[in-house]
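These notes concern the structure reproduced below.
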Amino acid sequence: MDKNFDSKTAEEGIYRTWESGGYFTPAIDPKKKPFTILLPLPNANDPMHMGHAMFTVQDILIRYHRMKGDPTLWLPGGDHAGIETQYVFEKRLAKEGKSRFQFDRETLYTMIEAFVEQNKTTNRDQMKRLGFSMDWSRYRYSLDPDIVATVLDTFRKMHEDGLAYRDSRLVNYCTKDGTGFSDLEVLYVERTDPLYYMKYGPFTVATVRPETKFRDTALAVNPKDKRYKDAIGKTYEIVGLLGPVKMTVIPDPDVDPSFGTGIMKVTPAHDPHDFELGKKFNLPVTPIIDQRGRMDFAWFLTQQDSNPKYRERAEKYHGKKVAEARAIMVEDLKADGLLIKIDENYVHRIGTCYRCGSVLEPLPIPQWYVKTKPLAKKAIRAVKDGKTKIVPKKRFEKMYFDWMNNILDWNISRQIVWGPRIPVWYCLDCNPDITISFIDKQLAKIFGDYKSIISKYQFSDLKKGLQSLSAPLHATYSLSPEPCQKCHSTHVLQETDTFDTWFLSSQWPMTTLGFPDSADFKYFYPTSVLDTMWDILFFWVARMMMMGLYRTGNIPFEVIHLHSRVVDQHGKKMSKSKGNVMNPIDMVDKYGADALRMALIYGAAPGSDIAISEDKIRGMRNFANKLWNMGRFIHMNIDATGKEIPFYDNEFHKTLTDANDKRIISELNMLTAGVTKDIERYRFSDAAQAIYEFAWHRVADVHLEKNKDRFKSGDIQAITVLRHVYITLLKLLHPFMPFVTESVWATFPRKRTEPLIVSSWPTAG
RNA sequence: GGGCGGUUAGCUCAGCUGGCUAGAGCGUUUCAUUGACAUUGAAAAGGUCAUAGGUUCAAAUCCUAUACCGCCCACCA
């Protein structure tokens, strides 16, 4: 044996032995209850970060259960990660001076697909570097045809059940990325913006968005506000930048009389609250900002009789970006004496795109939604009834219930190409006023060439492309084009929106296992533990609960375990901009996978952050080496005796005479019981610390030193006990530090020849 | 605005259902060692457990309030 454990040369070979031995693939035994974990599917295109390294938690559970003899499955996978991947790809295009809008949808899709294929294996190889014992023979990719087929079928069922529907309402739209998002994806940031007090006929109104005033449809006041009591229901003529308009004052209990002047202008097309209010009072939805984030005054410019002054203004505003237009309008308001004052220090929160940071525009665009209330109800019930347990309970159960109880319908439409297209079809002949705003080869197939389409149908902006249809709400579910049910026309077009990535991943437990009738699904579903970080509790975990219960009638997993977030050595979140990101693979190269794994587990309390530093990883590398040298010491002493050392068993136990031996055995039994209990209770740090403490400070520092003379003198009993203690430690530590333990294990004689990974978990006593 | 978590040694944190001199890793100081390991060993310094009350025979641990830090949720224009 070498003087030190050399992780670099040992790890790869060991992993290959495990893999080629088939130990990662469980043997299906109907008599045994399996233990199953689904890997939270990483973006197939993404290199590994420290967050992924925390999947060590899963490997600990998996290795523990495998050693206990359970048919154990850890199912890996990769996510096409719709918007994420397309965004990364577009950035690359931008570097070449290109834009996605230069390509038709099929070409763009093919390009992204090729891009993903190039990088798909990186993440997988890195998982192996960490020693993760996943069943690679069952690896799934979220765009595998059978997975997509199940997802589409779920959509079909939801459509039939009235749980998937199309509606035109305000959507959080990123004008830069060109897609809408669900409420969860909105990132609110605090900002200080000017609050403008504008003259509004006989009133004064405060707003941060003067540019939307042209399409205000009403004024709202709190019905309890005495100041405006008499105004409710009355219509006023209000002179604005483009001349006078008529507006009615409506009551709205949500208006805060103490904010601004207590009067609110109502803009249903660009404010979610106003949109709802508009529905109540039958106000028209009249947009003034388009999907590119530019001012749209076409409605005004097409009027024949408009005043030349106003017309000139509208032309000036038209097509300008929101911020730019606002600045010009503020100047015009001042010139007209309509601006009363500006509060420059108004602090509010504004919705931004979590991807690119742009301000999101609430825009009225039709999208597909999932009706979530009935699904949430069952998902709440399942946790309340204890069918699925959340660990740590105290902290995260409340979060889960709060979110489920206040859940809103889920927007599953994305105006991107990278992902499965929503399988519904619209008849172009039944909807002659349809607006098609993208380039699509499918259309060319229907009509022969683009030109004829352009002449027949309205295109809002061909170049911008790939956006949602503003079609009437009639849609037919189908996987392939079928003649219109009403008019039998074959001029049908598939919805251009693709599914939100989370719509696919929410079905991961079913789709990966082969729902509805594969052997795997029947055997492994519901899975045992779902381990992930709390940041995707709503995005993913909660939605899997809803979708799993909806489709299978059964929970997708028995336990939801939320692991720690990895932060830097000062307890700060790792981020590229802060420059404090640590690459897990670098650490594996430098100190070994065992060291990194142990450093991530050791000292992490359930639900709290775990601080990682290179010093800590180095400390754990030292521990791996300590363990290695304990093995070396034992070998040297055995070799010195020149004898065969008996295996430690019950018979041998009875012959123990030395107090030191008896004591260390009894302590080992206590440790075994403790570690087993800690793992069962998801207290991995406690288990890791207990083993570390015992191995280093109890066995190596005390027992070994104290009994050195006995070992050297060839005391067979002492050596047998020591070897047994050591071998048991290797087993206990194997889930945490699989490489070094497996490596030393191989140097010791065993009753059976299997590697440590499939050896039996020790029992106390 | 609502909610959650944190505040313990120089740094990062453990301390689960209250109970012996409050622990670990890293760091610091001193000493030792060519015989498993310097990726080592022995020893040491270092904490009024955020603050103020309260419950209790007993509180870092439970309760109340305050302060600061972090996070989540929410349509206040």
Side-chain angles (χ1 to χ4, degrees), chain A residues 1-7 170 183-184 186 188 195-196 205-210 212 216 219-220 222 252 254-267 270-277 346 348-349 351 362 392 394-399 402-403 405-406 408 534-535 537-538 564-565 567-573 591-592 595 598-599 602-637 677-678 681-683 685-686 688-690 692-693 696-697 700-701 704-705 708 711-712:
Chain A
M1 271 173 99
D2 292 338
K3 212 168 164 187
N4 292 319
F5 174 61
D6 183 3
S7 59
L170 288 200
D183 299 297
L184 266 180
V186 180
Y188 287 94
L195 181 64
Y196 303 96
V205 159
T207 180
V208 284
R209 307 209 60 180
T212 61
D216 292 351
L219 290 166
N222 191 308
D252 176 14
D254 291 341
V255 172
D256 178 359
S258 64
F259 183 90
T261 56
I263 304 187
M264 186 180 82
K265 68 191 199 67
V266 183
T267 320
H270 297 293
D271 182 279
H273 173 263
D274 294 0
F275 185 81
E276 290 306 314
L277 194 62
Y346 174 61
H348 65 147
R349 291 168 66 80
K394 194 181 158 214
R395 183 139 173 213
F396 295 108
E397 221 176 53
K398 195 172 158 30
M399 247 170 96
D402 284 354
W403 188 73
N405 282 320
N406 298 306
L408 298 171
W534 41 261
D535 62 341
L537 181 61
F538 306 145
S564 301
R565 180 178 64 169
V567 293
D568 76 0
Q569 54 189 318
H570 303 296
K572 295 274 182 292
K573 193 177 167 177
Y591 303 107
M598 195 65 169
Y602 194 103
S608 71
D609 291 348
I610 176 73
I612 190 93
S613 64
E614 197 162 336
D615 279 344
K616 189 177 179 186
I617 300 169
R618 195 182 331 113
M620 291 306 165
R621 188 270 319 264
N622 294 354
F623 177 54
N625 194 57
K626 186 76 185 178
L627 204 75
W628 173 264
N629 273 291
M630 286 166 73
R632 223 177 122 215
F633 176 82
I634 294 167
H635 272 301
M636 287 173 111
N637 283 291
K677 199 175 159 198
D678 284 341
R681 290 168 67 213
Y682 304 95
R683 303 198 58 104
S685 174
D686 291 358
Q689 292 194 41
Y692 181 102
E693 178 65 24
W696 198 323
H697 302 305
D701 290 348
L704 208 143
E705 293 297 331
K708 232 167 194 170
F711 303 133
K712 298 214 170 191

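In the text below, chain A, chain B and the rest are named by the order of the sequence lines, each starting its count at 1.
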Scan residues 621-629 of chain A against RNA chain B and write down, sorted by residue number, each residue with any heavy atom closer than 4.0 Å; if none is found, say none. A:R621, A:N622, A:N625, A:K626, A:N629
Have a look at [X] and say if it touches a base, only the backbone sugar-phosphate, or nothing, with a 4.0 Å heavy-atom cut-off.
X: A:Y591; answer: nothing
X: A:D274; answer: nothing
X: A:V266; answer: nothing
X: A:G260; answer: nothing
X: A:K398; answer: sugar-phosphate
X: A:R209; answer: nothing
X: A:A206; answer: base

Which heavy atom of [X] sits nearest to which heavy atom of [Y], and what is that distance?
X: A:K626; Y: A:A700; answer: CE-CB, 3.7 Å
X: A:G260; Y: A:A206; answer: CA-CB, 4.0 Å
X: A:S685; Y: A:Y602; answer: OG-C, 3.9 Å
X: A:K265; Y: A:D274; answer: O-OD2, 3.4 Å

To the nearest Å, give me how far apart CZ (A:F5) and C1' (B:U39) are. 13 Å
Look at the side chain of A:R681 and the base of B:C16, then say whether one donor and one acceptor between them are separated by less than 3.5 Å. yes
Polar side-chain contact A:D615-B:C26 base: donor and acceptor under 3.5 Å: no
Would you please confirm or rule out a distance under 4.0 Å between OP1 or OP2 of [N] and any side-chain N or O of [X]?
X: A:H697; N: B:G25; result: yes
X: A:S608; N: B:A14; result: yes
X: A:W696; N: B:A24; result: no
X: A:Y602; N: B:U12; result: no
X: A:K712; N: B:A36; result: yes
X: A:K708; N: B:A36; result: yes

Nucleotide paired to [N] in any strand shown, Watson-Crick or G-U, under 3.5 Å:
N: B:G41; value: B:C31
N: B:A65; value: B:U51
N: B:C71; value: B:G3
N: B:U17; value: none
N: B:A24; value: B:U12
N: B:A60; value: none

Scan side-chain atoms only and decide if A:D216 and A:T267 contain a donor-acceptor pair under the 3.5 Å cut-off. yes
Euclidean distance for [atom1], [N] against [M] (whole angstrom):
N: B:U61; M: B:G54; atom1: P; value: 14 Å
N: B:C75; M: B:C11; atom1: C1'; value: 44 Å
N: B:U29; M: B:G70; atom1: C1'; value: 35 Å
N: B:U8; M: B:C16; atom1: P; value: 16 Å
N: B:G46; M: B:U55; atom1: P; value: 34 Å
N: B:G18; M: B:U64; atom1: P; value: 16 Å
N: B:A22; M: B:G15; atom1: C1'; value: 8 Å
N: B:C63; M: B:A24; atom1: C1'; value: 30 Å

Report the relative orientation of the aromatic rings in A:W696 and A:F623; use parallel for angles under 30°, tilted for 30 to 60°, perpendicular for over 60°. parallel
Fit a plane to each ring of A:F5 and A:W628, take the angle between them on a 0 to 90° scale, and name the class: parallel (under 30°), tilted (30 to 60°) or perpendicular (over 60°). tilted
Could you please name the option among [options] that lies closest to any side-chain atom of [X]?
X: A:Q689; options: B:A77, B:G27, B:A14; value: B:A14
X: A:D402; options: B:G41, B:U39, B:G3; value: B:G3
X: A:R632; options: B:A77, B:A36, B:U39; value: B:A36
X: A:A700; options: B:A42, B:A36, B:C16; value: B:A36
X: A:D686; options: B:A14, B:G27, B:C71; value: B:A14
X: A:M264; options: B:G15, B:A77, B:G3; value: B:A77

Please check: side-chain N/O of A:D2 versus main-chain N/O of A:N4, any donor-acceptor pairing under 3.5 Å? no
Here's a test of your reading of the structure: between A:I610 and A:K573, which maps to the more 5' nucleotide of RNA chain B? A:I610
Mapping A:D254 and A:E705 onto RNA chain B by nearest heavy atom, which one lands closer to the 5' end? A:E705
Are A:M264 and A:D252 close enough that some pair of their side-chain heavy atoms sits under 4.5 Å apart? yes
Is any side-chain heavy atom of A:H273 closer than 4.5 Å to one of A:L277? yes
is_close_aromatic(A:F633, A:H635), centroid dist under 6.0 Å: no
